[in-house]
Amino acid sequence: MAWRFFYISAHKDKPQLDVSIYLVDANDIKFLHNIVLQLRRMFDLNVDMDIIQQALLPIIELGAKIDSGLRIPAAGSVFEAACRAVLGQQVSVLQATKLLNLLVEHYGTSLVIDGKTWRLFPTPETIATALLDELNMPGARKLALNALGEFVHQHPDSMPDDWLAVKGIGPWTVAYVNMRGLSDPDVFLSSDLVIKNRLHALHEQSGKAIETPKSYLNIAAEIAKKASQWGSYLTFQLWDHDPVIAKKG
């Protein structure tokens, strides 16, 4: 099997990333263009950030602090995005990263190229039967990973919406996968608890407190409509900044 992959690291002197592309077989140079396209997708380099800035106006008008230029990083694969979503449920970003690293360390395939050891993300088939004892997380979540791995292994062409048939995989997970796995730019996760809290805080700061769940649904729908096509960027901006902390700072 021919391997084609890339290695990304932070530049030691400049605020940029260095990318090294490895082609084990010289004939694989024909895949270089596709690899570059994959990199551009992963780092969300094809979007016009001026257009995104306009899409953020609904929360800017409420006083939200905006991180201009914030892009949406994509996972290496749709299945990886799903695993990230399950591992990240109800834990901190730091803990989710630790769990992800343990998953790759214990169940990913090792590959030595040019004297360096690489570890690939585990396959659905591997995750389907993995014990996952190394992961400090609820048993139900481990079973969800097993079931998802089995489903994707048996249905490799399935789409995230199909995964709702898997026990433990719900709408939030599918929406996250659409954002991080399929690079869907229009996923406004208004049902997410963090998003809810921060929209409530923004409205309170602007003197327009959201008083009922129905009012919240109407406001969220209006925001999503105004940011149509680019809702994912609203989601990431609200995840990125707590408006209450931002105002106090």
Colleague: Keeping the roles fixed (side chain from Asn178, backbone from Asp184), state whether a donor-acceptor pair exists under 3.5 Å.
Modeller: no
Colleague: Report yes or no: do Leu143 and Ile169 belong to one cluster of Ile/Leu/Val/Met/Phe/Trp/Tyr joined by side chain heavy-atom distances under 4.5 Å?
Modeller: no
Colleague: Without hydrogens or angle criteria, can the side chains of Tyr233 and Asp44 be said to hold a donor-acceptor pair below 3.5 Å?
Modeller: yes
Colleague: Answer whether the closest heavy-atom distance between the side chains of Trp230 and Gln54 falls below 4.5 Å.
Modeller: no
Colleague: List the atom of Pro171, the atom of Leu164, and the distance in Å for their closest heavy-atom pair.
Modeller: N-CD2, 3.7 Å
Colleague: State plainly whether one hydrophobic cluster holds both Met42 and Val104, where clusters connect Ile, Leu, Val, Met, Phe, Trp and Tyr through side-chain heavy atoms under 4.5 angstrom apart.
Modeller: no
Colleague: Output, in order, the C-alpha distance, side-chain angles, deciding distance and verdict of side chain to side chain contact (heavy atoms under 4.5 Å, CB included) for Gln205 and Leu202.
Modeller: CA-CA 5 Å; Gln205 288 179 179; Leu202 284 170; 4.2 Å; yes
Colleague: Would you say that Gln53 contacts Ser68 through its side chain, given a criterion of any heavy-atom pair below 4.5 Å between the two side chains?
Modeller: yes
Colleague: May I ask you to check whether Trp118 and Tyr22 place their ring centers less than 6.0 Å from one another?
Modeller: yes
Colleague: For Asn136, is the CG atom crowded, meaning more than 12 foreign heavy atoms sit under 6.0 Å from it?
Modeller: no
Colleague: As a quick check of understanding, evaluate side chain to side chain contact (heavy atoms under 4.5 Å, CB included) for Leu103 and Leu132, giving each step before the final call.
Modeller: CA-CA 8 Å; Leu103 185 75; Leu132 305 177; 3.7 Å; yes
Colleague: Evaluate the side-chain proximity of Pro73 to Phe43: yes if any heavy-atom separation is below 4.5 Å, no if none is.
Modeller: no
Colleague: Are the side chain of His11 and the backbone N or O of Asp13 linked by a donor-acceptor pair below 3.5 Å?
Modeller: yes
Colleague: Quick one, Lys226 and Leu57 - any side-chain contact, counting heavy atoms below 4.5 Å?
Modeller: no
Colleague: What's the shortest heavy-atom distance between Leu199 and Ile223, and which atoms?
Modeller: CD2-CD1, 3.9 Å
Colleague: Might you point out which heavy atoms bring Ser206 and Leu62 nearest each other, and give the distance in Å?
Modeller: OG-CD2, 3.8 Å
Colleague: Return the CG to CZ distance between Leu45 and Arg41, rounded to the nearest 0.5 Å.
Modeller: 11.5 Å
Colleague: Same cluster for Leu193 and Trp239 if Ile/Leu/Val/Met/Phe/Trp/Tyr side chains link at under 4.5 Å?
Modeller: no
Colleague: With a 4.5 Å cut-off on side-chain heavy atoms, are Phe121 and Thr109 touching?
Modeller: no
Colleague: Between Arg180 and Ala81 (side chain of the first, backbone of the second, donor and acceptor by atom type, cut-off under 3.5 Å), is there such a pair?
Modeller: no
Colleague: Does atom NZ of Lys142 have more than 12 heavy-atom neighbours from other groups under 6.0 Å away?
Modeller: yes
Colleague: Once rounded to the nearest 0.5 Å, what's the spacing between atom OG of Ser9 and atom CG of Leu17?
Modeller: 7.5 Å
Colleague: Check whether any side-chain N or O of Arg198 sits under 3.5 Å from a backbone N or O of Leu238 as a donor-acceptor pair, and report yes or no.
Modeller: yes
Colleague: Answer yes or no: is there a donor N or O on one side and an acceptor on the other, between the side chain of Thr117 and the main chain of Val112, under 3.5 Å?
Modeller: no
Colleague: Just by modelled atom types, is the His106 backbone N or O under 3.5 Å from a matching donor or acceptor in the Glu134 side chain?
Modeller: no
Colleague: In this structure, are over 12 heavy atoms from other groups packed under 6.0 Å from Gln16 atom CD?
Modeller: yes
Colleague: Nearest 0.5 angstrom please: Ile8 CD1 to Ile21 CD1, how far?
Modeller: 9.5 Å
Colleague: Compare all side-chain heavy atoms of Leu148 with those of Val152 and state whether any distance is below 4.5 angstrom.
Modeller: yes
Colleague: Testing the basics here: between Leu87 and Met137, what is the closest heavy-atom pair and its distance to 0.1 Å?
Modeller: CD2-SD, 3.6 Å
Colleague: For Asp240 and Ile66, run side chain to side chain contact (heavy atoms under 4.5 Å, CB included): C-alpha distance rounded to whole Å, both residues' side-chain angles, the deciding distance at 0.1 Å, then the answer.
Modeller: CA-CA 9 Å; Asp240 193 47; Ile66 294 299; over 6 Å; no
Colleague: About how many Å separate CD1 of Ile59 and NZ of Lys65, when rounded to the nearest 0.5 Å?
Modeller: 13.0 Å
Colleague: Does any donor atom in the side chain of Thr126 or Thr123 lie under 3.5 Å from an acceptor atom in the other side chain?
Modeller: yes
Colleague: Do you know the tightest heavy-atom contact between Gly108 and Arg119?
Modeller: O-NH1, 3.0 Å
Colleague: Where is the tightest heavy-atom contact between Leu135 and Leu102, given as atom of each residue plus distance?
Modeller: CD2-CB, 3.6 Å
Colleague: Does CD in Glu125 sit with more than 12 non-hydrogen atoms of other residues, nucleotides or ligands closer than 6.0 Å?
Modeller: no
Colleague: Can you find a side-chain donor-acceptor pair between Trp172 and Asp192 that sits under 3.5 Å?
Modeller: yes
Colleague: Test Arg141 against Val86 for side chain to side chain contact (heavy atoms under 4.5 Å, CB included), laying out the working first.
Modeller: CA-CA 7 Å; Arg141 209 162 296 161; Val86 174; 3.4 Å; yes
Colleague: State yes or no: do Leu120 and Tyr107 share one hydrophobic cluster built from I, L, V, M, F, W and Y residues joined by side-chain heavy-atom distances below 4.5 Å, directly or via other members?
Modeller: no
Colleague: Is it the case that the side chain of Asn146 and the backbone of Ala130 share a donor-acceptor pair, with hydrogens and angles ignored and the cut-off at 3.5 Å?
Modeller: yes
Colleague: With Ile210 as reference, evaluate Glu204, Lys196, His203 under the side-chain contact (heavy atoms from CB on, under 4.5 Å) test and give the passing residue.
Modeller: His203
Colleague: Taking the side chain from Ser215 and the backbone from Glu211, do they hold a donor-acceptor pair closer than 3.5 Å?
Modeller: no
Colleague: Less than 3.5 Å apart, any donor N or O on the side chain of Thr173 or Gln89 sitting next to an acceptor on the other?
Modeller: yes
Colleague: If you round to the nearest 0.5 Å, how far is CG of Leu56 from CZ of Phe236?
Modeller: 13.0 Å
Colleague: How many angstroms lie between OG in Ser232 and CE in Met179, if you round to the nearest 0.5 Å?
Modeller: 5.5 Å
Colleague: Decide whether Leu37 and Val19 are clustered together by the hydrophobic rule: side chain heavy atoms of Ile, Leu, Val, Met, Phe, Trp, Tyr closer than 4.5 Å, transitively.
Modeller: no
Colleague: Should Leu234 and Ile195 count as side-chain neighbours, where that means a heavy-atom distance under 4.5 Å?
Modeller: no
Colleague: Is Phe79 close to Pro122 at the side-chain level, that is, under 4.5 Å between some pair of heavy atoms?
Modeller: no
Colleague: Does any N or O in the side chain of Tyr176 come within less than 3.5 Å of the main-chain N or O of Arg84, such that one atom is a donor and the other an acceptor?
Modeller: no
